[in-house]
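Below is one structure, written out as structure tokens; the observations come after it.
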Amino acid sequence: MPQAATGGSRHAGSGTAPIRASRPLGCQWFCCVGSRTPYGCPVSASAEVKSNPTLPAAEASPPVPLPKTSESPQLLKIRHSMSHVLAMAVQKLFPAAKVTIGPWTETGFYYDFDNPEPFSEGDLKAIKKEMAKLIGRRLPLERLEVSRAEAEARIRAQNEPYKLEILEGLQDPISLYTLGDDWWDLCAGPHVAHTGELNAKAFELESVAGAYWRGDENRAQLQRIYGTAWETPEQLAEYQHRKQEALRRDHRRLGKDLELFSIEDEAGAGLVFWHPRGARMRLLIEDFWRQAHFADGYELLYTPHVADISLWKTSGHLDFYADSMFGPMQVDEREYQLKPMNCPFHVLTYASSLRSYRELPIRWAELGTVYRYERPGVMHGLMRVRGFTQDDAHIFCLPEQIGDEILGVLNLTEAILSTFDFKNYEINLSTRPEKSIGDDAVWDLATKGLIEALDRKGWAYKVDEGGGAFYGPKIDLKIEDAIGRMWQCSTIQLDFNLPERFNLEYVAADGSRQRPIMIHRAIFGSLERFFGIMTENYAGDFPFWLAPEQIRLLPVTDEVIAYAESLQAELRQAGVRSSIDRSGDRLGKLIRNGEQQKIPVLAVIGAQEAEQGSLSLRSRRQGDLGAVARAELVNAARQATEQRLSLLPLGAH
RNA sequence: GCCCUUGUAGCUCAGCGGUAGAGCACUCCCUUGGUAAGGGAGAGGUCACGAGUUCAAUUCUCGUCAAGGGCUCCA
């Protein structure tokens with residue numbers, strides 16, 4: 001059931017927020033020339049915060065609804081008007097500032113200025129004060145329709161070059177809005193009737209940023225001032241609270257606080273150091289991933305990190321992506337290249353022997369660490385780095401196997417993502433672009449194969465006509481996190497190009513040599529980036545099976561340490577990760593430390609527990625679980641670990 | 001790469017033209033304590049790096065590197 005290209009759809013989702021594509025973070029490209037796939041980033045940051053009911057903190061205050069601009073006519077007017085007030089205030093304080101555009105965003109507004117001196121964040125205070133003054137004057141906003149000539153004359157009188165350029169692109173009728181007697185701006189509206197409808201206590205100027213005129217880096221660099229505005233101070237407070245919530249979940253902060261990973265200046269930007277806790281989690285994720293792949297009929301590959309550069313000449317990457325690759329290195333008489341992707345290696349592995357149609361489909365997977373040059377200033381925690389690990393796989397198959405293979409990939413994708421509690425997806429099918437290679441018949445077959453698989457899976461999707469790579473159609477999948485942000489991770493791409501370039505073949509039933517279909521796919525995309533997304537999704541409160549330290553034993557007195565040690569040994573035998581807090585602090589402090597480090601289960605051990613062979617359990621998500629027998633805890637912990645459960649399966653508690 | 005901001009103890013941050021402070025963490029001592037911070041003492045910094053101005057630079061200026069917020073890039 002293909003759907004029209006408007007309004008994305010998701011299979012398990014409830015009300016989907018419209019996607020506002022902002023900046024892509026992270027970037028991943030699969031094989032093949034032209035296949036660079038930008039990875040989406042949090043696309044709608046303002047969606048409802050779903051508080052995790054099992055978590056403490058977050059005092060339950062009645063939710064203040066925060067509509068988006070596109071959902072609220074009144075907010076649209078407010079923000080539209082507010083950007084003019086901002087512009088007027090700026091021109092009052094900085095007479096040399098030229099105005100450009102000032103649109104609304106889903107959570108606020110901004111305005112771009114050309115000012116001889118860049119604005120500093122300190123200037124915002126003064127501008128805000130001036131805006132409050134303008135609001136207090138209850139200035140009327142009045143719409144005027146004027147002729148093009150008159151508009152031009154008015155603009156020339158003010159010497160506003162950008163406005164003139166805007167005017168050139170406008171259709172008649174030309175409308176402008178006056179703001180009081182001595183300021184006006186080109187604008188289609190709508191606006192509030194007068195600034196008295198704006199609440200001086202419900203707006204904030206948030207930041208200054210550079211932005212290019214018309215988004216073109218060859219044109220003037222402008223100063224952009226971001227702001228937000230609401231109907232009431234309560235809404236503003238709620239908005240700021242949600243920003244705080246996103247900050248609380250920031251994987252860079254959690255990575256530091258929970259000692260998961262770091263990025264070291266001395267080593268260079270965009271290169272990740274996995275600390276023991278993060279490394280343990282990564283290993284758990286990788287083990288799960290491998291297990292799931294073996295179960296689905298994949299085999300594993302390991303391939304080199306560098307190789308003769310000719311490989312990337314053959315693949316065509318060098319022609320298109322040299323700028324995104326680490327530079328070549330001279331070794332002996334040959335030039336080597338640090339690998340920016342895995343596919344040529346898998347292709348060579350395929351080509352290393354003559355393949356029969358009886359072998360197909362061949363499914364090969366690799367957690368392959370690749371290195372790509374990212375420009376300074378674009379790195380972002382784990383989300384965008386220079387070295388990352390793709391959970392890459394390639395399937396070589398017959399044309400008639402496409403449907404089954406894609407369905408298999410979709411099932412595996414769901415199985416893996418849902419294990420990390422990502423259960424809402426948004427799916428895109430991208431079809432043949434104008435400039436492309438390959439026979440019509442092959443494209444047709446491949447696209448039908450993708451559609452058939454999606455239909456059999458029962459997933460709704462959006463079609464991006466002509467949005468495919470030149471070498472084949474693809475399916476992209478976005479996941480929704482706990483606070484409603486969408487992230488693109490998984491991608492499935494058909495490739496008619498690479499088999500061609502490397503001259504891949506198999507021997508068909510009739511003895512002829514045929515070209516296999518190649519499918520690239522990744523589920524996490526980048527393991528590093530997925531780790532960041534997953535960390536933010538859980539806000540660092542990892543499920544029991546995944547937590548680096550699952551249980552912390554808290555001895556109330558030194559006398560019970562021997563008991564704790566014997567329990568720890570038993571847990572270790574059962575494959576459960578535990579530690580003993582030997583700091584000697586009082587229980588209250590031990591609990592506090594354990595909670596702050598988001599340990600899923602704290603086990604209090606006092607004289608009573610030691611004597612009875614029990615523990616007093618405190619679950620981070622479930623609170624006090626009371627006394628539990630030692631054997632019961634070990635069994636529950638073993639089970640939760642093996643079955644990848646979020647919580648201990650403790651019977652009647 | 002571009003614009004703004006930032007870089008001071010392991011962390012969070014204060015400070016200032018006259019070579020440094022707090023809280024937490026850490027070490028030691030006292031406390032043997034029952035569900036989110038017991039008390040005391042101590043140790044810990046080339047104030048990111050390099051240059052310049054100055055009698056004197058952590059402080060001012062410039063550059064470099066890195067981080068944060070954006071823009072751009074991501075056929």
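So that the names make sense, note that chain A is the first sequence line, chain B the second, and so on, each numbered from 1.
In this structure, G21(B) and C13(B) make a Watson-Crick or G-U wobble pair, each of the two defining distances being under 3.5 angstrom. Nucleotide C71(B) forms a pair with G1(B), judged by Watson-Crick or G-U wobble geometry with both contacts under 3.5 Å. G42(B) and C26(B) make up a base pair, with Watson-Crick or G-U wobble contacts both under 3.5 Å. Nucleotide C62(B): paired with G50(B) (Watson-Crick or G-U wobble, both distances less than 3.5 Å).
Looking at heavy-atom distances under 4.0 Å, Gly468(A) makes contact with a base. Residue contacts shown for Tyr226(A) are limited to sugar-phosphate atoms, with no base heavy atom under 4.0 Å away. Residue-level contact check: Gly606(A) touches the bases, meaning some heavy atom is under 4.0 Å from a base atom.
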Salt bridge (Lys or Arg N to Asp or Glu O under 4.0 Å) evaluation trace for Asp541(A) with Arg620(A)
CA-CA 8 Å; Asp541(A) 283 302; Arg620(A) 179 148 174 85; 2.2 Å; yes

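In this structure, the CD atom of Glu206(A) is 16 Å from the C1' atom of C71(B), given to the nearest Å. In this structure, CG of Leu222(A) is placed 10 Å from C1' of C3(B), rounded to the nearest angstrom. For the pair Asp250(A) CG and A67(B) P, the interatomic distance rounds to 14 Å; values are reported in whole Å. Remark: P of G69(B) and CZ of Arg384(A) are 13 Å apart, rounded to the nearest angstrom. C28(B) atom C1' lies 19 Å from atom CZ of Arg582(A), rounded to whole Å. Here G10(B) presents its C1' atom at 10 Å from CD of Glu259(A), a figure rounded to the nearest Å. In this structure, Leu247(A) places its CG atom 12 Å from P of U12(B), rounding to the nearest Å. To the nearest angstrom, C1' of C24(B) lies 10 Å from CG of Asn593(A).
Judged by the 6.0 Å and 45° rule, Arg224(A) forms a cation-pi pair with Tyr110(A). Note that Arg277(A) lies outside the cation-pi zone of Phe261(A), set by a 6.0 Å cut-off to the ring centre and a 45° limit from the axis. Relative to the ring axis of Trp274(A), Arg280(A) does not place its NZ or CZ within 45° and under 6.0 Å from the centre. Geometrically, Lys98(A) does not engage Phe113(A) in a cation-pi contact, judged by NZ or CZ lying under 6.0 Å from the ring centre and within 45° of the ring axis.
With hydrogens and angles ignored, no donor-acceptor pair closer than 3.5 Å exists between the side chain of Arg224(A) and the base of G70(B). In the interface, the side chain of Arg592(A) is not paired with the base of U35(B) through any donor and acceptor atom under 3.5 Å apart. Below the 3.5 angstrom threshold, one finds a donor paired with an acceptor across the side chain of Glu609(A) and the base of G34(B). For Arg586(A) and A36(B), a side-chain-to-base donor-acceptor distance below 3.5 Å is absent, hydrogens and geometry of angles not being considered.
Of the P atoms belonging to A57(B) and G52(B), the separation is 11 Å, rounded to the nearest Å. Look at the C1' atom in both U64(B) and G23(B): the space between them is 33 Å, to the nearest Å. Straight-line distance between the P atoms of U27(B) and A66(B): roughly 34 Å, to the nearest whole Å. Here, G38(B) and U32(B) have their P atoms 15 Å apart, quoted to the whole Å. Comparing the C1' positions of G7(B) and G45(B) gives a spacing of 14 Å, expressed to the nearest Å. Spacing of P atoms, G42(B) relative to G21(B), comes out at 14 Å, to the nearest Å. For the C1' atom pair drawn from C60(B) and U54(B), the interatomic distance equals 10 Å after rounding to whole Å. For the C1' atoms, the distance linking A41(B) with U31(B) amounts to 14 Å, nearest Å.
Which of A36(B), G68(B), U12(B) sits closest to the side chain of Arg253(A) comes down to U12(B). Minimum atom distance to the side chain of Arg375(A) is reached by U72(B), of the listed U35(B), U32(B), U72(B). Distances from the side chain of Met379(A) to the nucleotides C71(B), A67(B), U35(B) place A67(B) closest. Distances were taken from every side-chain heavy atom of Tyr212(A) (C-beta onward) to each of G69(B), C71(B), U32(B); the shortest belongs to C71(B).
Not one side-chain nitrogen or oxygen of Lys589(A) sits closer than 4.0 Å to the OP1 or OP2 atom of U32(B). A close approach under 4.0 Å does not occur between any side-chain nitrogen or oxygen of Arg252(A) and OP1 or OP2 of A66(B). Of the side-chain N and O atoms in His380(A), one or more sit less than 4.0 angstrom from OP1 or OP2 of G69(B).
Each of Gly381(A) and Gln608(A) lies near RNA chain B, and the nucleotide nearest Gln608(A) is the one positioned closer to the 5' end. Along RNA chain B, the nucleotide nearest to Lys256(A) and the one nearest to Gly268(A) differ in position, and the one closer to the 5' end is contacted by Lys256(A).
Leu615(A) has its side chain within reach of Leu553(A): a pair of non-hydrogen atoms, C-beta onward, lies under 4.5 Å apart.
Less than 6.0 angstrom separates the ring centroid of Trp443(A) from the ring centroid of Phe496(A).
Salt bridge annotation for Glu549(A)-Lys598(A): absent, with no cationic side-chain nitrogen under 4.0 angstrom from a carboxylate oxygen.
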